[in-house]
Amino acid sequence: MEYVGIVLISHSPDVVKGIKEIIRQVIKDVPVEVAGGTDDGEIGTSIDKISAAIDTAYTDKGVLLFYDLGSAKMNAELAIEISEKENIFLIEAPLLEGAYVATVESSIGKSITEIQKSIIKHFPTK
Amino acid sequence: MEYVGIVLISHSPDVVKGIKEIIRQVIKDVPVEVAGGTDDGEIGTSIDKISAAIDTAYTDKGVLLFYDLGSAKMNAELAIEISEKENIFLIEAPLLEGAYVATVESSIGKSITEIQKSIIKHFPTK
Amino acid sequence: MHFTVKQAKEWLLQINDHMQEHKQELTRLDQAIGDGDHGINMARGFKEVVKKVNEKEYKTVGDIMQDAAMTIISKVGGAAGPLYGTAFLRMSLAFKDKVSIDYKTFTRGLDDALQGMKQRGKATTGEKTILDVWEPVVLFLEEGESFQPQALADTAKHAMEKTKNMIATKGRAAYFKEKSKGHIDPGAMSSYYIFLAMAEVLEEV
Amino acid sequence: MHFTVKQAKEWLLQINDHMQEHKQELTRLDQAIGDGDHGINMARGFKEVVKKVNEKEYKTVGDIMQDAAMTIISKVGGAAGPLYGTAFLRMSLAFKDKVSIDYKTFTRGLDDALQGMKQRGKATTGEKTILDVWEPVVLFLEEGESFQPQALADTAKHAMEKTKNMIATKGRAAYFKEKSKGHIDPGAMSSYYIFLAMAEVLEEV
Ligand SMILES: Nc1ncnc2c1ncn2[C@@H]1O[C@H](COP(=O)(O)OP(=O)(O)O)[C@@H](O)[C@H]1O
Ligand SMILES: Nc1ncnc2c1ncn2[C@@H]1O[C@H](COP(=O)(O)OP(=O)(O)O)[C@@H](O)[C@H]1O
Ligand SMILES: [Mg+2]
Ligand SMILES: [Mg+2]
Ligand SMILES: [Mg+2]
Ligand SMILES: [Mg+2]
C-alpha cells in the first residue's frame with residue numbers, strides 16, 4: 001500500500017529527529033523524512049535538505065510538508081516550486097502536533113486531500 | 001531582572017533539546033528548562049524530570065509549561081499539583097511555536113498573565 | 001471480612017505478577033492502537049512498587065497505598081502513570097489512618113479513585129479507556145453488600161472485553177478514530193488485571 | 001551606459017566584499033531583533049556565489065544572474081536566502097539572453113525582483129524588512145532616466161536608516177513587537193550594501 005509522505009522541516013536537526021522517533025513508535029510504514037538545520041548541521045534551514053527530503057518521501061499519493069518558524073516556510077515554498085513533482089503541499093499547522101496527526105491519518109490510508117481537511121479541522125491556525 | 005521561566009515537555013529528549021537551541025539563538029536570559037523522554041531517555045514522559053525542570057526554571061514571576069502530546073499533559077498537571085510553588089501554568093499551545101513566542105515575550109519583561117493572554121491570541125487551540 | 005495492610009500488599013504483589021506475565025500482551029494491544037509501551041510502562045512501574053513496599057513495614061492501608069501511588073506516578077510514565085497514580089492516591093486518602101477497611105469504605109475508596117481518574121484524564125465512560133473497566137466495577141461494588149471475588153473478576157473481564165467495539169476518543173488511540181475499533185483497549189486490559197488481582201486476594205481471605 | 005556580464009560579475013564580487021567586511025555588523029543587528037545569523041548567512045552565501053561565478057565564463061547577464069540566484073537559494077539560508085534568491089532569479093528572467101542591459105530594462109528587472117520578494121515573503125513596505133530598501137530604490141530608478149550612482153546609494157542609505165524607527169511585523173523581529181523599534185533591520189542593512197555595491201560598479205563605468 002502507498003501512503004501520503006510526510007516531510008518535517010525544522011531549524012534544528014534534533015527537533016525533527018525526535019519528532020520522527022515519536023512518530024515511528026506508532027507508525028512504521030508511512031514515509032517520514034526530515035530536513036533539520038543548515039547544511040553544516042547548525043540551527044537554520046537548508047533548501048537542499050528540504051528538496052532531498054521531498055524526493056525521498058515522495059509517493060504517488062503526494063507529500064505534506066510541516067515546518068517550524070518563519071524562514072523555514074519560505075524555503076519550503078521555494079523547494080516546492082523548484083520540484084518537478086505534483087501534489088506537494090506545505091501545511092499551516094504546528095510542526096510536531098500537526099505531523100503526528102497527519103502521519104497517523106496517512107497510515108490509515110487517507111488521501112492527501114482528506115488529511116489536509118482533517119489538519120485544518122484540528123488546527124485552524126498554525 | 002527576573003523573567004517568567006519556561007519548561008519544555010516532550011516525549012523525546014531530542015525534541016526539547018533542539019527547541020531550546022532554537023530559542024537560545026535568540027534569547028539568552030530567560031530560564032528555559034527541558035523535560036524530555038523517560039528517566040531512561042526513552043520516548044515517553046517522566047514526572048520527575050518535569051518536577052525538576054519546574055524547580056530549576058522557577059522565578060518569582062512564575063513558570064509556563066509547554067507539552068507535546070496527550071499523556072505529557074497529565075504528567076504536567078500532576079507535577080503542578082505536587083509542586084508547592086505558585087504561579088505555574090500549563091499552556092494549551094503548540095510546543096515549539098508556543099514556547100518560542102512565550103520566551104521572546106518573557107525576555108521583553110512581560111508578566112505571566114500577559115504572556116498567557118498573548119499565547120491564547122496567537123494559538124486559539126493546541 | 002476486612003481489607004488490611006496485608007491484603008493491600010498482596011494486591012500490589014499480585015498486580016505486579018500479572019503485569020510481568022502479561023507485559024507482551026499489553027504491549028501488543030498498545031501497538032495496535034497506540035505507541036506500544038503500555039506493557040513496558042506497567043511492568044516497570046509495578047516492579048518498582050513491589051520493591052518499594054517490600055522495603056518497609058506499614059501500619060495503615062493509607063500509608064502503603066500512598067507509597068504505591070507515588071511510585072506509580074514516578075515510574076509508570078505515559079498516560080497510565082498519572083491515571084493509576086491518581087487512583088491509588090485517592091485510595092490512600094480514603095484509607096488514611098485505617099488499619100482495616102470494611103466493604104463500604106473500600107467501595108467508597110474505589111469510587112474516589114474512579115472520580116480522580118475521570119478528572120485527571122478529562123474523560124468519561126464509552127471513550128475506550130481504563131474508565132470503562134473501573135466504572136462497571138465500582139457500580140458492581142456499590143450494588144453489593146459484601147465482597148464477591150468471582151463476580152468482581154467477571155464484571156471486570158466483561159467490561160474489558162466490551163472496549164473492543166468502542167471507538168477511542170481519548171489518549172493515543174483517539175488519533176486512529178474509527179480504526180481503533182476491533183481492538184481491546186490496553187488500559188482496559190491492565191485494569192482488568194488489577195481487579196483480577198484484587199479478586200484473587202479477596203478469595204484467599 | 002549599459003549593464004553587461006562584466007558589470008554583473010563585478011556587482012556580485014563587490015557585494016561579497018561588503019558582506020565579508022560587514023559580517024559582524026549584520027550579525028550584531030540581527031542579534032538585537034533576530035537570531036543573529038544574518039551576517040553569517042550573507043557572508044557564507046556570497047562567498048559561494050563568487051566561487052561559482054569565478055569558475056565559469058558567461059555569455060548573458062541572465063546566465064550569471066541565474067547561477068547567483070541558485071547559489072544564494074542553496075547557500076544563504078534563513079529568510080534572506082529565499083528572498084534574495086527570488087530577487088536574483090527574477091532578474092535572471094528579466095535579463096534572459098541579454099548581453100547588455102539598458103536603463104529601462106535594468107529598472108524593470110529590479111522591479112520584478114521587488115515584486116518577487118513581496119510575493120515570497122507575503123510582506124509589504126513598512127514592515128521593517130528588505131523591502132523597505134528595495135522599494136524606494138526601485139521608485140528612484142523608475143523616476144530617473146539614466147544611472148546616477150551616488151543618488152542611488154544615498155536613496156538606499158536613507159531608506160535603510162528609516163527602518164530603525166519601524167516596528168517589525170514580519171520575520172523573526174516581529175516576535176519582539178514594539179521592542180523591535182530602535183534597531184536598524186539587518187536585512188535592510190544588507191540590502192543597502194547590495195545597492196552600494198551596485199553604485200560602486202556603475203560609478204566605474
Ligand atoms: N484521558 C484518558 N483518560 C482515561 N484513560 C486514558 C486517557 N488517555 C489514555 N488512557 C488510557 O491509557 C492507556 C494507555 O496507557 P500508556 O500506554 O501507558 O500511555 P501512553 O498512551 O501515554 O503511551 C489507554 O489504553 C487508555 O486506557
Ligand atoms: N517575510 C519577509 N519579507 C521580507 N523580508 C523578510 C521577511 N522575513 C524576514 N525578512 C528579512 O530577512 C532578514 C533576516 O534574514 P536572516 O537573518 O538571514 O533570516 P532569519 O530571520 O531566518 O534568521 C530580516 O532582517 C528582514 O529584512
Ligand atoms: Mg502507550
Ligand atoms: Mg507512551
Ligand atoms: Mg537571522
Ligand atoms: Mg536564522
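Just so we're on the same page: letters track the sequence lines, and every chain starts at 1. In this text, all values refer to a predicted model and were calculated from it rather than measured experimentally.
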More than 12 heavy atoms of other groups within 6.0 Å of A/Lys28 NZ | yes
What are the two closest heavy atoms between B/Glu97 and A/Tyr67, and how far apart are they?
-> OE2-O, 3.9 Å
Which heavy atom of A/Gln25 sits nearest a heavy atom of B/Ile43, and at what distance?
-> OE1-CG2, 3.2 Å
Please say whether more than 12 non-hydrogen atoms of neighbouring residues, nucleotides or ligands are located less than 6.0 Å from NZ in B/Lys117.
-> no
Side-chain donor/acceptor pairs under 3.5 Å, residues 12-21 of chain A, sequence neighbours excluded:
residue, atom, partner, partner atom, Å
A/Ser12, OG, A/Asp14, N, 3.1
A/Ser12, OG, A/Val15, N, 3.1
A/Asp14, OD2, B/Lys17, NZ, 2.6
A/Lys17, NZ, B/Asp14, OD2, 2.6
A/Lys20, NZ, A/Val32, O, 3.0

Return the option, out of A/Thr125, A/Ile22, A/Leu95, with the maximum number of heavy-atom pairs under 4.5 Å with chain B.
-> A/Ile22
